[in-house]
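These notes concern the structure reproduced below.
All ligand and atom numbering here is 1-based and tracks the order in the structure. Worth knowing before you read on, the calculation uses all heavy atoms, side chains too, and leaves out hydrogens, waters and symmetry mates. Since we're looking at a predicted model, the values are computed, not measured.
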Amino acid sequence: MACIGRFAPSTTGPAHPGTLLAALLCWLDARQRGGRVLLRLEDLDPDRCRPEYATAMVADLAWIGLDWDATVSQHALHAHHEAALDHLAAHGRLYPSPTTRTELAHLGRRAPDGGWAYDNRDRGRDLPAGGWRASGEPLRCRLDDGIITLRDGSGDDLAQDPVAAFGDPIVRRRDGAISYQLAVVVDDAAAGVDRVVRGRDIATSTATQVALQRLLGLPCPAYHHHLLLLEARGKKLAKFHGAVAAATLRAHYTADELVGLLAWLAGLQTTAMPCRPRDLIAGFAWGRVARSDRLVTWTGERLVS
Ligand code: GLU
């Protein structure tokens with residue numbers, strides 16, 4: 001049976017070269033298998049997401065030559081998210097957690113993604129009499145303790161005990177917004193997604209997501225986490241974010257030039273020869289994609305590596 005993949009960018013800013021590379025790899029993975037691929041605009045964070053970023057994202061992805069079998073905005077899937085919270089509450093898994101980030105910073109235990117780990121201290125708290133909808137506090141989901149064994153399509157071992165490494169995840173924020181960790185699991189399952197291709201920066205969240213799938217009785221897709229484009233920020237390397245937006249790239253490159261460059265950065269071409277995404281389908285294989293992250297610089301006119 002043909003696979004279903006998805007590209008799921010957060011609409012918290014303009015697309016950048018790393019976004020376009022992630023979209024290209026995800027699209028190639030599905031198309032090379034003769035599968036379907038969806039575009040899901042992750043727009044649940046009311047503080048950071050803007051409709052104009054979503055509109056620009058759709059246009060920029062179309063400009064580089066990617067097409068989607070369906071496009072959906074995550075906020076439209078709210079009924080699924082509520083049903084998942086109902087399910088977790090009915091199984092005694094939800095609890096209010098007033099512990100703040102400042103308190104977690106004070107505790108001082110780092111999570112694998114560089115944030116602060118939560119020590120599950122609120123596990124004994126009950127939901128208010130009116131249920132999860134009546135809670136004005138962040139809600140967390142009590143996961144099962146223990147190691148989730150998991151291997152990435154790249155061969156990386158993603159085994160982790162998410163309760164120990166991160167702590168129980170927030171599933172609904174104080175402001176009522178559904179968290180990424182819950183929404184991603186629910187939405188992938190509702191769309192029948194069976195291949196999740198995304199950047200390596202999210203790899204450490206996968207065990208938490210698999211633990212949530214198990215509590216919700218949802219199937220586990222195959223995961224493949226790929227290289228990132230990095231930029232030098234001071235002495236540190238950071239995800240290539242923000243240094244140059246797609247609108248600027250479009251002023252300096254044709255779509256085919258940019259796709260050729262991205263394909264070269266990913267290891268799919270030996271030169272940055274201009275090409276279209278569909279020219280890359282037949283030759284696409286993860287064995288040809290570079291495993292190591294690439295350091296990229298924006299000169300003001302060109303991307304160089
Ligand atoms: N929305 C997330 C991001 O843009 C990615 C979600 C995913 O692929 O699981 O970083």
Side-chain angles (χ1 to χ4, degrees), residues 3-30 37-51 53-54 56-58 60-61 66 68 70-77 80-81 84 111-115 150 152-154 156 158 160 162 166 169-171 173 177-213 216 218-230 238-242 245-246 293:
C3 71
I4 304 183
R6 82 333 185 243
F7 181 55
S10 299
T11 55
T12 50
H16 51 85
T19 320
L20 301 177
L21 176 63
L24 178 64
L25 290 174
C26 170
W27 185 92
L28 286 171
D29 177 82
V37 60
L38 321 172
L39 174 62
R40 185 173 67 235
L41 300 160
E42 300 214 326
D43 60 353
L44 292 187
D45 184 340
D47 299 332
R48 298 171 63 219
C49 297
R50 293 209 221 132
Y53 292 142
M57 180 73 68
V58 170
D60 292 335
L61 296 173
L66 302 180
W68 312 100
T71 299
V72 64
S73 295
Q74 200 165 35
H75 73 260
L77 304 169
H80 291 288
H81 307 150
D113 66 351
L150 197 62
D152 190 81
S154 66
D156 288 348
L158 301 185
Q160 187 198 72
F166 283 94
I170 290 185
V171 289
R173 303 188 335 185
I178 304 297
S179 78
Y180 158 67
Q181 303 288 12
L182 180 67
V184 72
V185 160
V186 171
D187 298 343
D188 283 343
V193 167
D194 55 6
R195 288 191 62 76
V196 169
V197 173
R198 57 190 181 184
R200 193 176 280 149
D201 53 322
I202 309 177
T204 57
S205 281
T206 310
T208 293
Q209 294 172 11
V210 171
L212 283 168
Q213 283 157 7
L216 290 164
L218 301 175
C220 182
Y223 288 96
H224 200 117
H225 294 87
H226 56 71
L227 79 153
L228 302 176
L229 301 185
L230 301 180
K239 196 172 154 188
F240 195 79
H241 235 103
D293 296 338

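- Taking CD1 of Ile178 as the reference point, atom CG of Leu44 lies at 7.5 Å (rounded to 0.5 Å).
- Taking every non-hydrogen atom of Val184 and a distance limit under 4.0 Å, the qualifying atoms of ligand 1 come out as 9 (O).
- Residues Arg6 and Val184 are in side-chain contact: their nearest non-hydrogen atoms beyond the backbone lie under 4.5 Å apart.
- If you number the atoms of ligand 1 from 1 as listed, the ones under 4.0 Å from a heavy atom of Pro9 come out as 1 (N), 4 (O).
- Side-chain contact between Pro9 and Leu39 is present, with at least one heavy-atom pair separated by less than 4.5 Å.
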Query - From CA spacing to verdict: salt bridge (Lys or Arg N to Asp or Glu O under 4.0 Å), Asp152, Arg200 - result: CA-CA 10 Å; Asp152 190 81; Arg200 193 176 280 149; over 6 Å; no
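- The closest approach between any non-hydrogen atom of Arg6 and ligand 1 is below 4.0 Å.
- Taking every non-hydrogen atom of Tyr180 and a distance limit under 4.0 Å, the qualifying atoms of ligand 1 come out as 6 (C), 7 (C), 9 (O).
- Shown in contact with Arg198 at under 4.0 Å from a heavy atom are these atoms of ligand 1, numbered in order with element: 7 (C), 8 (O), 9 (O).
- The proximity of Ile202 to ligand 1, defined as any non-hydrogen pair under 4.0 Å, is limited to the side chain.
- At least one side-chain heavy atom of Met57 sits less than 4.5 Å from a side-chain heavy atom of Thr19.
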